[in-house]
Amino acid sequence: MNFNFLNDLNESQRQAVEYIDGASLVIAGAGSGKTRVLTYKIAYLLTKGFPPSSILALTFTNKAAREMKERIAQIVGERTARYLWMGTFHSIFSRILRNEAQYTGYSKNFTIYDSSDSSSLIKSILKERNLDTKVYPPGLIQSRISTAKNNLITPEAYAVNIDFIKNDRQSRIPLLSEIYQTYCNRCKQADAMDFDDLLLQTNVLFRNHPEVLEKYQQLFQFILVDEYQDTNFAQYLIIKKLAEHHERICVVGDDAQSIYSFRGANIDNILQFRNAYHDARIFKLEQNYRSTQTIVNAANSLIDKNRAQIQKTIFSEKEIGHPIKLLSVFTDYEEGMTVAEHILELYASNNYRYADMAVLYRTNAQSRILEETFRKQGIPYRIYGGLSFYQRKEIKDVIAYCRLVCNQNDEEALKRIINFPARGIGETTVGKLVECAQNNNVGIWEVLTNLNKYNVPVNAGTASKLNDFHNMIETFSKEVEIKNAYELAVDIVKNTGLLNEANFDHSTESISRKENIEEFLKAIHEFCENKQEEGESLPILSDFLSDVSLLTDQDTDKDSMSDKVTLMTVHAAKGLEFKAVFIVGMEEELFPSMFRITNERELEEERRLFYVAITRAKERCFISYAKSRFRNGKTNFCTPSRFIKDIDPQFLEFSQEKEPAFQKKKYMNWDDEVENERNRFYSETNEKETYSEAQTTHFAPRKLKKLDQSSDEKIITDNSSFPVGTMVKHQLFGIGKVLETSISNGNEKASIDFGEKGVKSLLLKFAKLEVVK
DNA sequence: GTAAGAAAAATTTTT
DNA sequence: TTTTTCTTAC
């Protein structure tokens with residue numbers, strides 16, 4: 001082993017690595033060598049005599065875990081690195097839950113429900129109870145249940161909590177508590193855990209079985225947690241429990257990069273670390289090795305506008321570099337062209353390959369237009385996100401078959417494929433099965449196995465179809481334990497006719513579906529080979545399934561070698577870096593998202609998201625915003641994001657665009673107008689007034705009329721349906737009071753105070769408001 | 001019971 | 001715009 005690796009570290013990094021006697025928090029600014037510290041720390045622990053199997057290292061993504069493992073393997077060798085407990089929270093604790101299945105009430109091979117399984121289960125529960133999905137929106141229920149689980153509130157605890165019950169009654173969803181209970185019962189019956197369960201059930205396991213907890217407390221001599229700012233309460237408590245005795249724990253994170261609160265992440269975990277671990281040492285990694293001084297300073301000036309944060313001074317000793325270039329364009333289409341031009345220019349300079357560049361956006365929907373322009377311009381690109389490989393219909397179908405074969409209680413899988421490929425078992429029949437199952441308090445599979453016993457009211461033809469289906473699944477399931485996963489999967493795909501179904505015509509889509517299935521089978525094959533290399537004689541299908549359900553698209557980047565521009569959301573870009581970064585769509589209501597501008601906490605998170613975006617850039621950063629954007633089927637007029645103003649202008653450069661060839665004649669005077677607006681933009685001191693004023697003052701009204709009949713002005717109105725002071729009810733936000741109604745862009749808006757949920761500005765045509773007396 | 005076609009609705013981030 | 005749900009005709 002190379003003992004000199006500590007020399008690669010700067011002073012604060014080295015201190016962070018060498019402190020192993022107690023709890024520590026490492027505040028790792030963007031680009032400060034966080035991964036290096038983590039990997040070296042693990043290597044250091046190994047040299048200090050900690051066996052690899054006594055080190056628990058938790059990451060946020062599979063990719064991060066894999067990369068870190070590789071880097072550690074380079075230092076200490078693969079044979080040692082292999083035994084580290086390193087992975088995502090979800091994968092590590094699903095492993096523990098499987099190992100300890102005897103204590104959990106679930107089987108060793110429990111199924112993992114993904115969010116679409118959860119959602120469809122919730123929908124069936126609502127349907128069975130005859131509840132209107134307008135009163136009980138499935139999405140809202142799902143997120144409430146998820147929040148409850150993330151905060152370790154079991155259905156039993158929920159039912160007796162007066163605050164929740166009162167709150168639900170106020171939101172007009174008093175049955176939520178019961179739905180939550182039913183949801184959990186049904187998951188249990190299906191021998192399935194959803195993502196949140198993996199953390200919740202781990203906590204339940206540790207609470208109910210101190211001897212099991214004790215075992216893992218002993219096992220894990222040292223615990224490391226990456227991306228600590230993104231942990232939720234369930235994760236916090238698991239770590240706290242595991243580290244209780246020895247408190248040899250090191251968490252690494254950056255509060256400035258906390259961007260997952262919508263998933264339950266609690267930034268207070270990192271801000272209040274000392275409350276949980278009183279003697280914790282705090283190390284700050286403040287030198288940024290990634291970006292130019294300009295980029296670092298610009299990002300600093302931005303994040304400085306947030307209130308909740310840990311004091312730190314991020315600095316760079318790299319060159320000053322180029323200013324961040326603002327690209328003001330008229331349309332989203334033009335934005336794509338401008339970005340494309342810059343990409344081609346950088347590429348032509350020979351200093352940048354395509355793979356050195358990334359385009360980051362707030363929402364996936366923005367990728368389409370970029371894709372179009374890149375195709376036209378012949379720029380190779382790769383899109384991350386959107387529909388992941390495992391989310392494709394044909395793949396989900398194959399997985400559903402595999403799931404059902406491994407676990408006949410998996411009702412979501414069963415419902416998905418009982419009539420796919422079509423075999424004459426329609427909705428009515430499934431309805432009868434479900435009803436029968438409910439009445440007898442058993443699972444659908446049980447009913448399917450004993451059609452006669454349960455007197456399912458179906459005719460002979462249907463009964464025989466049901467039996468055929470039942471027998472087919474049963475035949476496969478008998479082979480699960482004795483057959484190699486790959487062989488069984490091939491059997492399933494062949495015998496069920498899934499391949500034919502996918503390839504029913506010769507369209508490109510059809511061929512691609514077929515290829516996807518083949519690709520999937522190949523993945524199973526690889527899985528088997530890997531397992532066999534590790535010495536497992538018979539890798540079975542259920543093993544593969546427990547792996548695959550925790551994989552995401554990030555884990556399946558096949559051609560990372562090829563020279564392509566990366567297109568992804570800012571969220572997906574966390575942890576990555578590129579020589580040049582284009583942040584597009586920096587407009588109000590898009591970035592920051594319109595859903596998050598009324599709540600200060602959420603707005604700060606949006607700002608952190610922008611901070612993450614900027615700090616991905618090593619050398620060049622471009623920020624673009626369009627005046628108009630095609631969104632949700634129509635053209636919207638946009639104003640530049642308030643966040644642009646948060647950046648100290650000394651780090652910015654405005655585009656001095658020459659007339660691009662593609663620019664239409666009617667936009668000829670645009671540059672002048674933009675110039676005016678820029679001046680206005682920065683001389684403006686009254687934040688509130690800036691954008692609406694700028695709009696009316698600097699747009700020649702005549703011109704606007706030519707483009708769109710509607711005006712950009714915000715006009716305060718007196719809406720007869722919702723006069724000021726009216727109490728209204730909103731699906732998501734509950735009861736609120738109308739503060740103001742207005743018309744802007746021809747859209748009727750209302751500003752409504754929802755109390756705890758904050759003041760929201762809603763478009764009346766979207767928000768289905770009901771007046772309450 | 002099925003499939004296509006029409007109408008309506010929803011538009012964020014994801015382990 | 002895309003996706004989901006509803007309707008209608010086979």
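Heavy-atom basis, side chains included; hydrogens, waters and symmetry copies ignored. Chain naming here is simple, since letters A, B, ... match the order of the sequence lines and numbering starts at 1 in each. Worth saying up front: this structure is predicted, and the values here are computed from it rather than measured.
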C:dT5 versus B:dT12 - spacing of their P atoms, nearest Å: 16 Å
query: So does A:Thr569 get a side-chain nitrogen or oxygen closer than 4.0 Å to the phosphate oxygens (OP1/OP2) of B:dT14?
result: yes
message: Quick check for you: among B:dT15, C:dT5, B:dT12, whose closest atom lies nearest to any side-chain atom of A:Ser593?
response: B:dT12
query: If you look at every strand shown and take non-hydrogen atoms under 4.0 Å, does A:Tyr260 touch a base, only sugar-phosphate, or nothing?
result: sugar-phosphate
A:Phe60-B:dT15 aromatic stacking (under 5.5 Å, under 30°): no
task: Scan every strand shown for a Watson-Crick or G-U wobble partner of B:dT13, both distances under 3.5 Å, and answer none if you come up empty.
output: none
- request: Take atom CD of A:Gln366 and atom C1' of B:dT11, then tell me their distance rounded to the nearest Å.
  value: 12 Å
message: Below 30° counts as parallel, above 60° as perpendicular, anything between as tilted: where do the rings of A:Phe206 and A:Tyr216 land?
response: tilted
A:Asn232, A:Thr147, A:Asn151, A:Asn150 screened by side chain to side chain donor-acceptor pair (under 3.5 Å) with A:Asp196, the one that passes: A:Asn150
field: Proximal nucleotide (of B:dT15, B:dT12, B:dT14) relative to the A:His90 side chain
entry: B:dT15
query: With respect to the side chain of A:Arg368, which nucleotide from C:dT1, B:dT14, B:dT12 is positioned closest?
result: C:dT1
statement: Rounded to whole Å, the CG-P distance (A:Asp197 to B:dT15) equals 18 Å
task: Flag yes if more than 12 heavy atoms outside A:Lys240 fall under 6.0 Å of its NZ atom; otherwise flag no.
output: yes
message: Could you identify the nucleotide paired to B:dT2, looking across every strand shown and requiring Watson-Crick or G-U wobble geometry with both distances under 3.5 Å?
response: C:dA9
- prompt: Over how many whole Å does the gap from A:Leu609 atom CG to B:dT13 atom P extend?
  reply: 11 Å
query: What's the closest nucleotide to the A:Phe195 side chain, out of B:dT12, B:dT14, B:dT15?
result: B:dT15
query: Distance-only, no hydrogens or angles: does the A:Thr111 side chain make a donor-acceptor pair with backbone N or O of A:Asp410 under 3.5 Å?
result: no
- prompt: Once you round it to whole Å, what is the distance between P of B:dT12 and CD of A:Glu589?
  reply: 14 Å
message: In whole Å, I'd like the distance from the CE atom of A:Met568 to the C1' atom of B:dT12.
response: 17 Å
- prompt: Are the side chain of A:Asn419 and the backbone N or O of A:Ile425 linked by a donor-acceptor pair below 3.5 Å?
  reply: yes
query: Over how many whole Å does the gap from A:Leu603 atom CG to B:dT13 atom P extend?
result: 18 Å
message: At less than 4.0 Å, is any side-chain N or O atom of A:Asn364 found next to OP1 or OP2 of B:dT13? Yes or no.
response: yes
field: Distance, rounded to the nearest Å, where A:Leu370 contributes CG and C:dT1 contributes P
entry: 17 Å
field: Closest-nucleotide ordering on DNA chain B, the 5'-leading residue of A:Arg423 and A:Thr59
entry: A:Arg423
message: Within the 4.0 Å heavy-atom criterion, would you say A:Ser91 contacts the bases, only the backbone, or no part of the nucleic acid?
response: nothing
field: Listed nucleotide nearest any side-chain atom of A:Phe630, set B:dT13, B:dT15, C:dT1
entry: C:dT1
field: Any N/O donor-acceptor pair, A:Arg631 side-chain to B:dT11 base, under 3.5 Å
entry: no
Least distance between heavy atoms, A:Leu360 atom then A:Thr569 atom: CD2-O, 4.5 Å
message: Expressed as a whole number of angstroms, how long is the span from A:Leu140:CG to B:dA10:C1'?
response: 15 Å
- prompt: Checking all strands, does A:Asn419 fall into the base, sugar-phosphate, or nothing category for heavy-atom contacts under 4.0 angstrom?
  reply: sugar-phosphate
